[in-house]
Asker: 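Take this structure, written in structure tokens, and hold onto it; I'll ask about it next.
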Amino acid sequence: MPVESPMLHAVAVGSVDDGKSTLIGRLLYETGHLNADEIAHVEEASRKRGRKFLDLALLTDGLRAEREQGITIDVAYRSFDANGRRILLGDAPGHEQYTRNMVTAAAGADVAILLVDAGNGLTSQTRRHLAICAMLGVEDVIACVNKIDLVSYDEGRFIELADELIAASQAVDGPRITAIPLSALEGINITQRSEKLGWYSGPTVLEVLHDLDRPIADEAFRMPVQWVTRYDEGGADVRALAGRIASGTVRVGDEVVALPGGSTSTVTAIDVLGDARDAASAPLSVALQLATDIDVSRGDVIAPVDDPPQVATRVRATIAWLDEAPLSAPARLEVRQSARLVPAIVEELHERLDLDAMRNEQADALEANDLGIATLLLAQPLVVQPYAVNREMGSMVLVDPGSNRTVGAVMVTEVLAG
Amino acid sequence: MSTLTELGTLDVLEAEAVHIIRECAAECERPVLLFSGGKDSIVLAHLATKAFTPAALPFPLMHVDTGHNFPEVIEYRDWYVQEIDERLIVASVEQSIAAGRVQDETGPRASRNRLQTTTLLDAIAEHQFDACFGGARRDEERARAKERVFSHRDMFGQWDPRNQRPEPWGIYNTKLRKGEHFRVFPLSNWTEVDIWAYIQREGLRLPSIYFAHERQVFTRDGMLMAAADFVERLPGEEVVTETVRFRTVGDATCTACTLSTASTVEQVLDETRESDVSERGASRADDRTSEAAMEDRKRGGYF
């Protein structure tokens, strides 16, 4: 029986001026996660900027540079409860030059809240956001057709845009779309309905977040070892392998293998932060004891003997390039994957994804915010799986060993032979 | 022994925090856990001990002591360190003043809150710490909401909000140059209610000032401040006795209390759930200086 996740990672994305910050402000306000002093701050900030209404957008615009320019420059995180379910919401900026922030915020997200202006309709950025969601494996999108008040609450316009959104997502083999007509400014269909949209019988944004099906622990067991603990227990030298279960469930008695080495043993004890259990699932942090003292160190992955991930030194992957300095092959970088850092060479750049034309093209380099397909050669074997099969085993970041900057986000598409 | 159980929000937050703590301990050479005796740092220290149990902590705790503390908190700090049998380093603002590194503020609004930054950065340099665990949460303040879990600081201790390292899928880039360090925030995604609910679940003991008690206080800027010897009062600031508790614990010159009769964790949790004023709004005079107060202090190397 899969267990339902008590926590949902959501990301809010949209273009400039489509009311995303207002929507987030509304969500926090209407679920009671804005306190009196925060509202007072928004009131004062609204007055300072000459607004005649409570501009909830000013709540999430946290940094001075943003307030001065009226933009959002980086990902902000807010938590709120959707009728008992915790939502961790990443707010990804809509500016084109900050597409990298959408990748940052949407990587690992269960659901995206995508804003579309009812008047302007879908933009090239809307399609780009859907393509990025598809690539990152975000399975659900709540498509908010915002500013419905500015098109006279017109049902026809909503249906037209909802159909366009579904078609746009299908075109990129993208996420399921739940389209909702709303007005962030008037607070319609975020947590409360309105008679002005009497023709709409679907869910509000909050209801979708609450009801979204997100089972955990259904995949094969994987645990990257973070830390090997040794301690004395009644005169016996005990060794425990500490880490966070990346996917699946482990049980006492399971036959496991430590990769990439390949030694096998049996799980004899599972400790969940001081509590002995006979089974544990993702995403818990645990410490495992094995029957035999096999060779295991930080960065190794513990997996079932009968269902192990692959071990590879060469992978094909989609790269989201995040750095100002462009990437051209060959490039010497480092790959960080779960608890391991290895030197890597971007051997060959195959294609750049043109998200506007929705096609791939030949490219010699990836600029900041570009997405491309490349082959990576790794200095040491890594335990990997395609991202589509297992997110935790198929995701990595690229680090520039010269600047130490995080320069790319990597999703493995294919595990290649040596 | 229990088998698979339904996971709650606290289980997920706890697992995430422990993952971050273990990751930092494994990757950084000399981490330290900033411990003030406040509830967030108590939860953080508790999580750290759980992360390595039954082995000892692989890093020490450090308190940046302004010299203007609530005595109950110092008492608690010393008790706690003995209880968990770990090492505590005390970095003293008094000593920074004596050494001429900083100048004490004077007057009724004097506070050592800003001075802590120099003491902290000096201690980081002296002990060559390359990572400081902090108990900051993203729900506390707007600048914090934008900060990464492994938050990079340059050689001057500065935070550059426009140049943060992306952390997709919770993969942390832990590479540093000499002299740089990280501020690491395992409680990033916790809320104030989560902290209290966790204190309740784990049965953690807290300094007594978190619970209702009688105290001599005066009102300043709409907030109730403790009447301490080292706080100079303005004309008209009359001292009265009230039943209060503190929601945060910091330098006594800038930490306000609230009227409350909540004397147990359960009662505080109920009050927190119903409260319509945020924690920093209720109790931190230092954030009220300007709209960008926290951002400016963080850029300069503050906690």
Side-chain angles (χ1 to χ4, degrees), chain A residues 3 5-7 35-38 41 45 59-60 62-65 67 73-79 86 88 100-101 103-104 107-108 216 226-227 229-231 233 242-244 249 273-274 276-281 283-285 298 322 336-339 391-392 395-397 399 404-406 409, chain B residues 1-9 11-19 22-23 25-27 47 50-55 138-139 141-146 161-162 164-177 188-191 194 275-278 280-282 291-292 295-296:
Chain A
V3 182
S5 172
M7 203 159 170
N35 298 308
D37 58 313
E38 291 178 291
H41 158 78
L59 176 87
T60 49
L63 306 180
R64 174 180 294 161
R67 287 193 300 273
I73 61 166
D74 209 330
V75 182
Y77 296 90
R78 296 294 301 231
S79 292
R86 172 62 55 82
L88 176 62
R100 67 178 212 137
N101 288 331
V103 173
T104 303
I216 53 173
Q226 280 187 287
W227 181 271
T229 316
R230 292 204 100 102
Y231 54 91
E233 199 173 65
R244 190 180 189 189
T249 298
L273 310 179
R277 309 261 181 100
D278 52 22
S281 294
L284 289 180
S285 284
R298 173 172 162 82
L322 310 172
R336 174 87 207 222
Q337 183 225 24
S338 63
R391 273 197 200 183
E392 305 279 343
S395 54
M396 307 167 173
V397 300
V399 176
N404 284 347
R405 291 165 63 86
T406 299
Chain B
M1 288 213 288
S2 54
T3 50
L4 286 183
T5 47
E6 189 85 12
L7 291 180
T9 304
D11 298 312
V12 178
L13 290 170
E14 181 186 54
E16 180 188 58
V18 166
H19 173 256
R22 286 172 172 168
E23 205 56 19
E27 288 283 318
L47 287 163
K50 285 186 95 168
F52 302 102
T53 187
R138 283 168 170 158
D139 81 323
E141 206 276 333
R142 293 184 303 283
R144 293 231 202 264
K146 305 219 161 182
R162 300 197 73 145
Q164 301 194 79
R165 295 176 177 178
E167 297 175 337
W169 304 288
I171 302 176
Y172 308 113
N173 170 2
T174 54
K175 296 198 74 177
L176 284 181
R177 289 202 178 94
S188 286
N189 296 325
W190 296 51
T191 64
D194 294 330
S275 168
D276 67 346
V277 179
S278 82
R280 290 200 85 86
E291 219 183 305
E295 181 184 347
D296 290 345

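The figures here come from the full heavy-atom set of this structure, side chains too, leaving out hydrogens, waters and symmetry mates. Sequence lines set the chain letters: A, B, ... in the order given, protein chains first and strands last, and positions in each chain run from 1.
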Asker: Working note: A:V399 + B:K175, criterion side chain to side chain contact (heavy atoms under 4.5 Å, CB included); need CA distance, chi angles, decisive distance, verdict.
Answerer: CA-CA 9 Å; A:V399 176; B:K175 296 198 74 177; 3.9 Å; yes

Asker: Examine whether an atom of A:T229 lies under 4.5 Å from a heavy atom of chain B, and if so say whether it belongs to the side chain, the backbone or both; otherwise answer neither.
Answerer: side chain

Asker: Let me know if B:A17 has heavy atoms under 4.5 Å from chain A in its side chain, its backbone, both or neither.
Answerer: neither

Asker: Please confirm whether the backbone N or O of B:A26 pairs with a side-chain atom of A:R298, one donor and one acceptor, at under 3.5 Å?
Answerer: no

Asker: Could you go step by step and tell me if B:E167 and A:V397 meet the side chain to side chain contact (heavy atoms under 4.5 Å, CB included) rule?
Answerer: CA-CA 8 Å; B:E167 297 175 337; A:V397 300; over 6 Å; no

Asker: Partners of B:R138 by side-chain hydrogen bond (donor to acceptor under 3.5 Å, both in side chains), sequence neighbours excluded?
Answerer: B:N189

Asker: Between A:R86 and B:V12, is any pair of side-chain heavy atoms under 4.5 Å apart?
Answerer: no

Asker: Check whether B:L176 gets within reach of chain A through its side chain, its backbone, both or neither, counting any heavy atom under 4.5 Å.
Answerer: backbone

Asker: Can you tell which part of A:R405 gets under 4.5 Å to a heavy atom of chain B, answering side chain, backbone, both or neither?
Answerer: both

Asker: Rounded to the nearest 0.5 Å, what separation is found between the CD atom of A:E392 and the CD1 atom of B:I171?
Answerer: 8.0 Å

Asker: Could you tell me which of A:S285, A:G274, A:S338 has the largest number of non-hydrogen atom pairs under 4.5 Å with chain B?
Answerer: A:S285

Asker: Would you check if A:L273 and B:T53 make a side-chain contact, meaning some heavy-atom pair closer than 4.5 Å?
Answerer: no

Asker: Using the ring pair (Phe, Tyr, Trp, His ring centres under 6.0 Å) criterion, which residues pair with A:Y77? Sequence neighbours excluded.
Answerer: none

Asker: Examine whether an atom of A:L322 lies under 4.5 Å from a heavy atom of chain B, and if so say whether it belongs to the side chain, the backbone or both; otherwise answer neither.
Answerer: side chain

Asker: Given the options A:A409, A:S79, A:A107, which has more heavy-atom pairs under 4.5 Å with chain B than any of the others?
Answerer: A:A107

Asker: Examine whether an atom of A:L284 lies under 4.5 Å from a heavy atom of chain B, and if so say whether it belongs to the side chain, the backbone or both; otherwise answer neither.
Answerer: both

Asker: If you measure from the Lys or Arg side-chain nitrogens to the Asp or Glu carboxylate oxygens, is any gap between A:R244 and B:E23 under 4.0 Å?
Answerer: no

Asker: First locate atom CG of B:L13, then atom CG of A:L88, and finally report the distance between them rounded to the nearest 0.5 Å.
Answerer: 8.5 Å

Asker: State the CD-CH2 distance between B:E27 and A:W227, to the nearest 0.5 angstrom.
Answerer: 10.5 Å

Asker: Starting at CD of A:Q337, measure out to CH2 of B:W169 and round the result to the nearest 0.5 Å.
Answerer: 11.0 Å

Asker: Indicate whether any N or O donor in one side chain lies under 3.5 Å from an N or O acceptor in the other, for B:N173 and A:T406.
Answerer: yes

Asker: From B:Q164 CD over to A:T104 OG1, what is the distance, rounded to the nearest 0.5 angstrom?
Answerer: 10.0 Å

Asker: Is B:L7 close to A:P283 at the side-chain level, that is, under 4.5 Å between some pair of heavy atoms?
Answerer: yes

